[in-house]
Amino acid sequence: MGCCGSSEQKQREWKPLEDRSCTDIPWLIIFALFCIGMACIAGFSISTGAASRLISGYDSYGNTCGQKNSKIEGVELSGRDQTDNKYVFFLDPCNIDILNRKIKSMALCVSRCPDIELKTYTDVKKFALQNGSELCSYDIPVSKYPSHGERSKKCPKLPVPPSNSLPVFHRCTPVDISCYAQFAEAFVTFVSDNSMLHRVIAGVMASKEIIMGLCVLALVLSIILMVVIRYISVVLVWILTALVVLGSIGGTGVLWWLYVDHKTNLTDQTATSPTPQQQVATDNVQALLVYAIFATVFTVILLLLLFFMRKRVALTITLFHVAGKVFTHLPLLALQPFWTFLSLMLFWVSWLGVLLFLGTAGSPVQSEEAGLVEYRISGPLQYMVWYHAVGLIWISQFILACQQMTVAGAVVTYYFTRNKSELPMTPIVSSMLCLTRYHLGTVAKGSFIITLVEIPRLILTYIHNQLKGKENACARCMLKSCICCLWCLKKCLMYLNQNAYTATAINSTSFCTSARDAFVILVENALRVATINTVGDFVLFLGKVLIVSCTAFVGVLSLNYQRDYTVWVLPLLIVCLFSWLVAHCFLSVFEIVVDVLFLCFAVDTKHNDGSPGREFYMDKALMEFVENSKNMAGRDRPEADGDGREMKPMTHGGGTLA
């Protein structure tokens with residue numbers, strides 16, 4: 001069961017869908033205990049009063065607004081009854097600490113936010129007398145506002161902008177948000193004047209119906225593309241191949257032409273009147289010669305690779321064709337991105353809520369510089385934030401791994417069921433139930449491995465951002481190299497994990513055993529894997545570009561038809577980003593299906609040969625590919641194909657599956 005020292009036989013006998021048993025139970029227990037820890041953190045943050053402080057807010061003396069408060073030792077103005085003062089008012093709301101992402105200003109509990117601009121302290125006094133809302137510190141009488149000696153520190157900064165309270169969180173926020181522009185400095189630089197900013201926002205609000213319609217269009221196009229891509233994959237692959245060949249040959253030809261042209265000019269100049277610039281021209285000719293030779297070698301190698309790997313390109317096309325057929329038989333596969341996105345959003349919202357509660361939990365601490373009170377977690381409890389951060393990565397990866405395992409289980413069931421009439425009514429639901437009953441431990445272990453790589457990568461990225469402009473060139477290069485290496489390791493592990501989940505869905509083995517078996521299969525088919533990942537990823541990339549281009553084109557026509565929208569940049573940018581996200585979510589499921597089909601195909605061809613008793617499970621399209629490959633191999637080595645065995649594909653209710 002372990003990664004090392006497995007007692008199972010070295011040459012595994014694959015028995016698809018025959019035996020089903022629970023896998024990696026210890027890791028399921030560990031993951032369950034970890035989730036219980038996350039729940040305890042959430043309960044602690046709420047039980048310590050953090051929820052009320054988060055929603056109602058608190059002033060700089062530790063008083064929670066809208067309720068009675070207890071006295072804090074050492075803080076003179078604490079323990080006040082703020083039942084009538086429900087809103088948090090910042091004396092200088094535009095004094096923002098970008099590094100720590102908070103407002104560096106004294107906060108008070110007031111009964112009403114100032115809804116008009118107050119230009120002088122006399123205006124502040126009149127507002128307090130008329131509305132009963134005192135905007136200066138509690139120890140300053142209202143009558144002393146215009147003349148008090150500490151009014152510059154304990155009264156609001158003039159002029160006081162008009163503000164409104166947030167709907168749920170009772171904070172007074174300025175109506176004019178221009179003072180928060182430093183949070184979006186790059187954007188403000190782009191739209192340097194307020195009129196431009198207002199036009200952009202007005203354009204977005206006016207075109208919200210068109211934006212929503214285009215987002216729905218991107219969703220529909222993504223679903224349609226997953227079904228029809230099997231018909232256009234051949235065209236896309238061969239167009240890609242032709243472009244690569246023509247580009248390499250054309251580039252090589254241009255380099256040789258430039259070399260001959262420059263050499264001829266250099267010879268003429270030498271024959272007529274030599275100049276000091278001839279050395280530079282000679283260097284250029286030599287550089288062009290090196291480039292031309294390199295391009296020629298690259299083109300020859302590329303053409304040889306395309307020639308010898310043409311059958312593997314054909315396998316990629318066939319797998320795309322079969323993957324499209326899988327979606328027609330298993331239409332609920334198209335809903336997987338919805339469930340995954342919904343699960344991630346629910347988890348992220350709850351995680352963020354607990355994080356905000358933690359930010360106001362703990363004991364009150366008075367800062368030495370300004371004397372303001374903040375709530376901080378001290379002692380061992382301060383590590384709860386780190387625990388909570390690890391939970392974000394692990395549980396997010398767990399949810400994504402559940403999607404991979406669910407898709408793998410459904411596709412494996414489809415592939416290795418000979419009689420398609422015997423398929424479950426809903427293979428996706430059956431795969432989800434199988435995952436829940438047998439393989440949650442395997443998914444937890446695989447997602448934890450990704451977490452172990454992701455945590456140091458994020459830490460190094462944070463350090464690199466914090467030290468930007470301070471570290472030397474060598475340290476910056478080392479940090480970027482480590483981040484890049486960890487990113488590459490993460491991608492490799494994610495690909496291996498996905499294939500391990502497929503092996504688990506086939507044989508019901510533990511994670512490490514499945515990963516080892518999948519790795520052996522992938523190494524044996526290394527060239528096929530490289531071709532599928534290269535050609536297949538590019539085809540899917542073209543599909544994403546096609547969806548974004550079509551959505552953007554329709555968006556341009558729609559915005560052009562409605563002449564009221566003078567600023568198109570932001571609406572089109574929103575539409576393009578959303579359409580790319582939707583296309584990526586749907587086509588990533590298609591990519592998972594292709595990878596699962598390939599591993600099933602590799603296992604099928606390794607352990608079956610089409611003879612009686614060892615019939616293939618594969619689809620008719622894959623069968624034709626195998627037959628064509630064997631026929632080509634037979635023409636190359638006629639003496640090696642003398643057994644005369646006939647390959648038999650899987651059947652559909654007694655007949656061949658079309």
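Counted within 6.0 Å of CD on E117, heavy atoms from surrounding residues, nucleotides or ligands total more than 12; the atom is thus considered enclosed. Residue W339 qualifies as open at atom CH2: its count of foreign heavy atoms under 6.0 Å is 12 or below. The number of heavy-atom neighbours closer than 6.0 Å to NE2 of H148, taken from other residues, nucleotides and ligands shown, is above 12. Atom OH of Y145 has more than 12 heavy atoms from other residues, nucleotides or ligands within 6.0 Å. Residue M38 qualifies as enclosed at atom CE: its count of foreign heavy atoms under 6.0 Å is above 12. In K490, the NZ atom is crowded: over 12 heavy atoms of neighbouring residues, nucleotides or ligands sit closer than 6.0 Å. Atom NZ of K71 has more than 12 neighbouring heavy atoms from other residues, nucleotides or ligands inside a 6.0 Å radius.
Residue R171 comes nearest to F90 through the heavy atom pair CG-CE1, 4.1 Å, listed as atom of the first residue, atom of the second, then distance. A107 and S60 make their closest contact through N-OG, 2.7 Å (heavy atoms, listed as atom of the first residue, atom of the second, distance). Minimum heavy-atom separation, T451 to S447: OG1-O, 2.8 Å. Scanning both residues, V354 and A42, for their nearest heavy atoms gives CG2-CB, 3.6 Å. Across all non-hydrogen atoms, the minimal contact from P337 to L333 is CD-O, 3.9 Å. For the pair W351 and A389, the tightest heavy-atom approach, listed with the atom from each and the gap, is CZ2-CA, 4.1 Å.
Looking only at distances, a side-chain donor or acceptor of S111 sits under 3.5 Å from a matching main-chain atom of G132. Between the side chain of N497 and the backbone N or O of G446 there is at least one donor-acceptor pair closer than 3.5 Å. In terms of modelled atom types and a separation under 3.5 Å, the side chain of S350 and the main chain of F347 share a donor-acceptor contact. Although no hydrogens or angles enter the test, the distance criterion places a donor-acceptor pair under 3.5 Å between the side chain of S133 and the main chain of R112. One N or O on the side chain of N69 and one on the backbone of Q67 form a donor-acceptor pair closer than 3.5 Å. K126 places no side-chain N or O within 3.5 Å of a backbone atom of Y121 that could act as its donor or acceptor partner. Side-chain N or O atoms of H170 include none that pairs as donor or acceptor with a backbone N or O of S165 at under 3.5 Å. Checked by atom type and distance alone, the side chain of S588 pairs as donor or acceptor with a backbone atom of C585 at under 3.5 Å. Side-chain N or O atoms of T173 include one that pairs as donor or acceptor with a backbone N or O of N164 at under 3.5 Å.
In this structure, N63 and Y138 have side chains that are in contact, with non-hydrogen atoms separated by less than 4.5 Å. Residues D139 and K154 meet the side-chain proximity criterion, which asks for heavy atoms closer than 4.5 Å. Between L392 and L355, the closest side-chain pair of non-hydrogen atoms is not below 4.5 Å. Side-chain contact between V589 and Q403: present, with at least one pair of heavy atoms (C-beta onward) separated by less than 4.5 Å. Within the 4.5 Å cutoff, the side chain of L219 has heavy atoms near those of the F338 side chain. Taking the side chain as every heavy atom from C-beta outward, L581 and L577 never approach each other to under 4.5 Å. R151 is not listed as a side-chain neighbour of V124, based on a closest heavy-atom distance of 4.5 Å or more. In this structure, the side chains of L214 and S579 stay at 4.5 Å or more apart for every pair of heavy atoms.
Atom CG in L217 sits 8.0 Å away from atom SG in C550 (nearest 0.5 Å). Separating the CD1 atom in I547 from the CH2 atom in W580 is a distance of 9.5 Å, to the nearest 0.5 Å. Here the OG1-CG distance, from T64 to N85, works out to 12.5 Å after rounding to the nearest 0.5 Å. Interatomic distance, L335 CG to L342 CG, rounded to the nearest 0.5 Å: 12.0 Å. Of the inter-residue distances, the one linking C488 atom SG with I483 atom CD1 reads 12.0 Å to the nearest 0.5 angstrom. Here L452 contributes atom CG and L493 contributes atom CG; the two are 9.5 Å apart, rounded to the nearest 0.5 Å.
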Evaluate side-chain contact (heavy atoms from CB on, under 4.5 Å) for L587 paired with S222, printing each intermediate quantity in order.
CA-CA 8 Å; L587 292 182; S222 299; over 6 Å; no
Go through the steps for D123 and T120 under the test side-chain contact (heavy atoms from CB on, under 4.5 Å), then give the verdict.
CA-CA 5 Å; D123 294 338; T120 64; 3.3 Å; yes
Derivation and outcome, side-chain contact (heavy atoms from CB on, under 4.5 Å), residues L135 and L118:
CA-CA 11 Å; L135 303 184; L118 307 176; 3.7 Å; yes
Starting from the C-alpha separation in whole Å, work towards a yes-or-no answer on side-chain contact (heavy atoms from CB on, under 4.5 Å) for K68 and T83.
CA-CA 6 Å; K68 293 183 179 180; T83 305; 3.9 Å; yes
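Within the cation-pi definition used here (under 6.0 Å to the ring centroid, within 45° of the axis), R80 does not qualify as a partner of Y61.
Each of F448, W27, F398, W394 was evaluated against F34; a single residue qualifies, W394, per the ring-ring contact (aromatic ring centres under 6.0 Å, His included) test.
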